[in-house]
Structure formats: structure tokens, C-alpha cells
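In what follows, a structure is listed as C-alpha cells, so that the remarks can point back to it.
Per chain, numbering begins at 1; letters A, B, ... match sequence-line order.
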Amino acid sequence: MRIAFMGTPDFSVPCLRALAASKHEVVGVFCQPDKPVGRKQILTPPPVKEEALIHGYRVFQPTTLKNGAGVALLREIEPDLVIVVAYGKILPPDFLSFPKYGCVNVHASLLPRYRGASPIHRAVLNGDMETGVTTMQLDEGMDTGDILLVKKVPIGPDETTEDLFDVLSAVGAEAMMETIGQIEAGTLHPVAQDHDRATAVGLLTKELGEVDWTKPMQTIHNQVRGLYSWPGAYTFLGGSVLKLHRTARTAVGTSKAPGTVVKARGQLLVACGDGLCLELKEVQLSGKKRMDAAAFLNGNQIAEGDVLGS
RNA sequence: CGCGGAGUAGAGCAAUCCGGUAGCUCGUCGGGCUCAUAACCCGGAGGUUGUAGGUUCAAAUCCUAUCUCCGCAA
């Protein structure tokens with residue numbers, strides 16, 4: 001089958017690799033234009049582009065697919081099927097209907113839950129015990145198409161978004177290959193989503209990372225692991241930003257006010273809103289490197305009784 | 001030249017403004033104590049202070065250049 005692939009970030013790469021290793025012909029790869037990245041604003045190609053170039057695929061980085069621009073490109077490569085994995089742009093109707101088998105999307109959630117831009121983060125943030133990958137037939141809406149195939153994945157209590165990212169991108173590749181196989185075999189049974197149960201999630205913002213210590217310990221723990229490693233959770237210590245990279249739940253109770261450092265010897269415990277302590281295991285003060293709690297405590301930069309959050 | 005912080009023992013920090021041969025906590029090694037401990041006590045090892053120049057009787061500290069790391073912004 002002639003397949004065009006559309007994707008941009010790391011998450012999409014395993015899918016492209018799987019296609020490359022398959023019998024199918026990758027006739028073109030679409031991704032977002034190169035962007036300046038990092039402190040020095042170096043123009044960097046997206047991960048999918050780098051992977052595509054390794055295989056010698058034709059790469060397209062159009063700024064828009066609207067007004068026939070996308071279809072014009074499809075006409076050049078004549079794909080039977082288009083696979084879309086975290087591409088980053090909405091596909092117009094004429095584009096969706098161009099390939100014989102349409103466009104199939106790999107989405108990192110159990111649809112109709114978490115439609116939109118940040119499904120993995122949201123599942124962890126909400127403390128879900130389970131998430132997964134859904135493949136669906138793309139339609140004009142945002143992740144509203146008929147469901148083709150679902151694979152579930154459990155979420156561990158301390159698992160981070162980054163951990164899940166790796167798992168789900170691998171599972172996504174499996175789901176994709178299985179879906180393609182069934183398309184060829186004609187054995188798929190698309191199921192409409194239950195739109196009443198749908199939830200939509202937007203892009204993440206930095207502000208989501210600020211910890212509110214009056215919240216329950218579990219909620220803050222979810223926030224830390226859900227936003228790891230980007231954009232990250234943070235609080236304030238003496239006016240400086242203190243990033244929280246890793247935390248652990250404890251059963252230690254306290255009567256101290258939320259945000260108070262309850263223990264700063266051996267381990268670092270902070271009081272949360274529900275009277276339980278959250279252990280900070282790895283932190284980073286602005287301008288400093290990230291370090292584990294033991295190293296942080298050695299420098300005497302924090303003491304019992306200090307209050308985080310201001 | 002977007003803004004800013006930092007490079008000192010294995011780790012995290014202090015001493016830098018007001019130059020005078022480097023200190024603290026942890027780890028490590030040896031010994032001791034205790035029913036016991038991420039407990040405590042005693043002792044030791046470990047640093048040409050990112051690099052290159054300069055000023056000086058003397059530089060971690062002042063001057064110049066350079067490399068690296070990090071926070072913000074994008």
C-alpha cells in the first residue's frame with residue numbers, strides 16, 4: 001500500500017519506523033516546518049523529519065494545507081492511505097477524502113476521553129489508572145472520528161508523563177500496524193464515538209506547573225509527574241523558582257500549614273492541604289542544576305519551617 | 001550581541017565587595033559507643049579554587065580574554 005505519513009514530535013517517530021520496517025511504501029512524510037529551539041535559537045528540524053531523512057523519504061513541511069495546498073501535494077504522491085500521528089495541524093475536508101482509505105489518526109488516549117493536544121499529560125494529571133491508544137478514521141472535527149482500534153495501557157502510581165510517552169508511542173506503532181493490516185483485510189468495524197462522554201484538552205501552559213500547596217498530597221504528586229518532564233511543576237523558595245522534578249507520596253501526617261517544610265534532614269517533606277506530607281526527591285533551583293534531595297539539603301539552602309510558594 | 005544565575009575535595013554549598021597559602025554539610029576510609037537508628041563520638045584521606053594571560057611581595061578573591069552548565073524569555 002502507498003502510505004503518506006504525517007507527524008512531527010518524538011511521539012510520532014516509532015510509528016514512522018514501524019512503517020519503514022513494513023512492506024508498505026512510504027511515499028511522503030509531512031511534518032511542521034523547522035523551528036528555532038533552545039537558548040541559542042538554533043533552527044532545528046522536527047524529529048520526524050530527521051527520521052524520514054534517514055530512510056530517504058520525501059519530506060513536506062507546508063505551512064498550510066488549506067485552499068487546496070495539501071491536496072496538491074497529495075496529487076504528487078498518490079497515497080492510498082494517510083497516517084496521522086501528532087501532526088499538529090487540522091486537515092481540511094478535501095485533504096481527508098483524497099486518499100482511497102482516507103486518513104487514519106493515532107491518538108494517545110482512550111477516546112472519546114481527552115480529545116485534543118495533550119492527552120497523555122491529562123491522564124496522568126487526573127490520576128487515571130489507565131489510558132491507551134486509539135486509532136480512528138479522521139473526520140473534520142478534532143479527534144471526533146469513528147474508532148477503529150483501541151489498546152489499553154495501565155498507569156503506575158509514580159509513572160510520569162515522560163514514561164508513558166515512551167510506552168504509548170510504542171503501543172501506538174503496534175496499533176497503527178494492526179489497523180493498516182485490518183484495512184487491507186477489510187475486517188475493521190468502525191464504531192462511532194459516544195460524543196456525550198467526550199472531554200477536550202487544550203495545549204499545556206507554564207502556569208499549570210505552579211503548585212498550590214493547599215491541595216491534597218496526591219493531587220500535587222499527580223501534577224508533578226503529569227507535567228514531567230515538560231513543562232514541569234514548580235513552586236517558590238525565598239523568591240526563586242524551585243522546580244519539582246520528582247516527588248513521592250508518603251503516609252506522614254502533619255499539622256503544619258500547607259507548603260511548610262516539615263523535615264529537612266535525611267529527606268525533604270512538605271506539608272500539603274490534606275495534612276499529609278509530600279516528599280520532594282529531586283528538585284532544581286533557578287540557575288542551578290537539578291539535584292536529588294540529599295544534595296540539595298547538604299547546601300543548607302532550605303530549612304525546616306521554611307514555607308514554599310512565595 | 002534578548003534578560004539573569006553559576007563554575008571551589010566524590011556531591012551540595014561558604015569564603016570573593018574590604019587580596020594574605022581554603023571552611024561547612026553529606027559521602028568515603030579507620031576506630032568507638034548503642035538493644036537499636038537516614039542516631040551519636042573520635043580520627044584520616046581527598047582541592048595547582050573551569051581555562052589562559054595580566055596587576056601584586058602575595059590572587060579563589062582585582063583586571064582582560066575564553067570555555068562550559070543552568071533559570072527566564074522565545
Side-chain angles (χ1 to χ4, degrees), chain A residues 8-12 31-50 61-64 86-89 116-118 121 158 160-162 165 202-213 217 220-221 223-256 259-272 276-310:
Chain A
T8 300
D10 288 317
F11 183 80
S12 321
C31 61
Q32 298 298 314
D34 297 1
K35 282 182 184 168
V37 166
R39 227 184 310 271
K40 298 193 171 171
Q41 297 291 286
I42 298 168
L43 204 60
T44 308
V48 162
K49 180 182 182 182
E50 300 199 323
Q61 296 175 283
T63 52
T64 180
Y87 175 61
K89 271 193 168 62
S118 53
H121 294 85
D158 293 314
T160 66
T161 293
E162 186 171 89
F165 222 86
L203 286 169
L204 297 171
T205 60
K206 282 270 187 186
E207 293 76 60
L208 277 174
E210 180 167 355
V211 169
D212 175 357
W213 292 102
M217 184 266 290
I220 298 173
H221 180 61
Q223 183 179 8
V224 171
R225 67 199 181 98
L227 296 178
Y228 185 85
S229 60
W230 192 89
Y234 62 91
T235 185
F236 296 92
L237 171 62
S240 303
V241 174
L242 182 70
K243 283 193 179 181
L244 308 180
H245 289 298
R246 298 275 181 182
T247 55
R249 299 169 298 163
T250 74
V252 181
T254 178
S255 56
K256 297 284 175 51
T260 304
V261 176
V262 174
K263 188 177 180 190
R265 254 184 298 177
Q267 64 178 176
L268 185 52
L269 299 181
V270 181
C272 298
L276 290 172
C277 290
L278 183 69
E279 180 178 3
L280 311 187
K281 296 188 82 76
E282 195 175 2
V283 300
Q284 180 174 23
L285 207 49
S286 94
K288 296 291 191 180
K289 292 180 183 175
R290 58 189 295 169
M291 61 186 81
D292 58 35
F296 186 65
L297 292 173
N298 278 343
N300 283 318
Q301 299 180 77
I302 192 168
E304 287 173 19
D306 285 354
V307 178
L308 299 178
S310 59

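Salt bridge A:D34/A:K49: present, at least one basic N to carboxylate O contact under 4.0 Å.
One interatomic measurement links the two molecules: CZ of A:R290 to P of B:G12, which rounds to 14 Å at whole-angstrom precision. The nearest whole Å value for the distance from the CG atom in A:L242 to the P atom in B:C72 is 12 Å. Between A:L297 atom CG and B:U25 atom C1' the separation is 10 Å, expressed in whole Å. Rounded to an integer number of Å, the gap from CE of A:M291 to C1' of B:A11 is 9 Å. The interatomic distance linking A:L280 (CG) with B:A38 (C1') rounds to 17 Å, in whole Å. Between the P atom of B:A73 and the CH2 atom of A:W230 lies a distance of 10 Å, rounded to the nearest Å. Counting to the nearest Å, the P atom of B:G12 and the CG atom of A:L285 are 13 Å from each other. The NZ-C1' distance, from A:K263 to B:A39, rounds to 12 Å in whole Å.
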Output a table of donor-acceptor pairs, distance under 3.5 Å, between side-chain atoms of residues 260-272 of chain A and any protein atom two or more places apart or on a different chain; print 'none' if there are none.
from: A:T260; atom 1: OG1; to: A:A257; atom 2: O; distance (Å): 2.7
from: A:Q267; atom 1: NE2; to: A:E279; atom 2: OE1; distance (Å): 3.4
from: A:Q267; atom 1: NE2; to: A:E279; atom 2: OE2; distance (Å): 3.3

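With B:A38, B:G71, B:C13 as the candidates, the nucleotide lying closest to the side chain of A:K288 is B:C13.
The partner of B:U64 is B:A52, judged by Watson-Crick or G-U wobble contacts that both fall below 3.5 Å. As the counterpart of B:C72, B:G2 is assigned, both hydrogen-bonding distances of the Watson-Crick or G-U wobble pattern falling under 3.5 Å.
Of the two residues contacting RNA chain B, namely A:E279 and A:K289, the nearest-nucleotide position lying further toward the 5' end is that of A:E279.
Side-chain N/O atoms of A:K243 include none lying less than 4.0 angstrom from OP1 or OP2 on B:C70. Taking 4.0 angstrom as the limit, A:Q301 places a side-chain polar atom (N or O) nearer than this to OP1 or OP2 of B:C13.
Counting heavy atoms of neighbouring residues, nucleotides and ligands inside a 6.0 Å radius, atom NZ of A:K89 exceeds 12 of them.
Of the P atoms belonging to B:G7 and B:C63, the separation is 16 Å, rounded to the nearest Å. Atom C1' of B:A60 sits at a distance of 10 Å from the matching atom of B:G19, rounded to the whole Å. Between B:G23 and B:G44, the distance separating the two P atoms is 13 Å to the nearest Å. One C1' atom belongs to B:A15, the other to B:A52, and the distance between them is 24 Å to the nearest Å. Of the P atoms belonging to B:U48 and B:A39, the separation is 31 Å, rounded to the nearest Å. Nucleotides B:G31 and B:C70 have their C1' atoms positioned 42 Å apart, rounded to a whole Å. Remark: the separation of the P atoms in B:C17 and B:U61 is 9 Å, to the nearest Å. As rounded to the nearest Å, B:A58 and B:C67 have C1' atoms that lie 28 Å from one another.
A distance of 13.5 Å separates CG in A:L280 from CZ in A:R246, rounded to the nearest 0.5 Å.
Counting only distance, with no hydrogens or angles, the side chain of A:Q284 and the backbone of A:K288 share a donor-acceptor pair below 3.5 Å.
If you check every strand for non-hydrogen atoms under 4.0 Å, A:Q284 touches sugar and phosphate atoms only. Backbone-only contact: A:K206 has heavy atoms under 4.0 Å from sugar-phosphate atoms and none from a base.
Within the 4.5 Å cutoff, the side chain of A:V241 has heavy atoms near those of the A:Y234 side chain.
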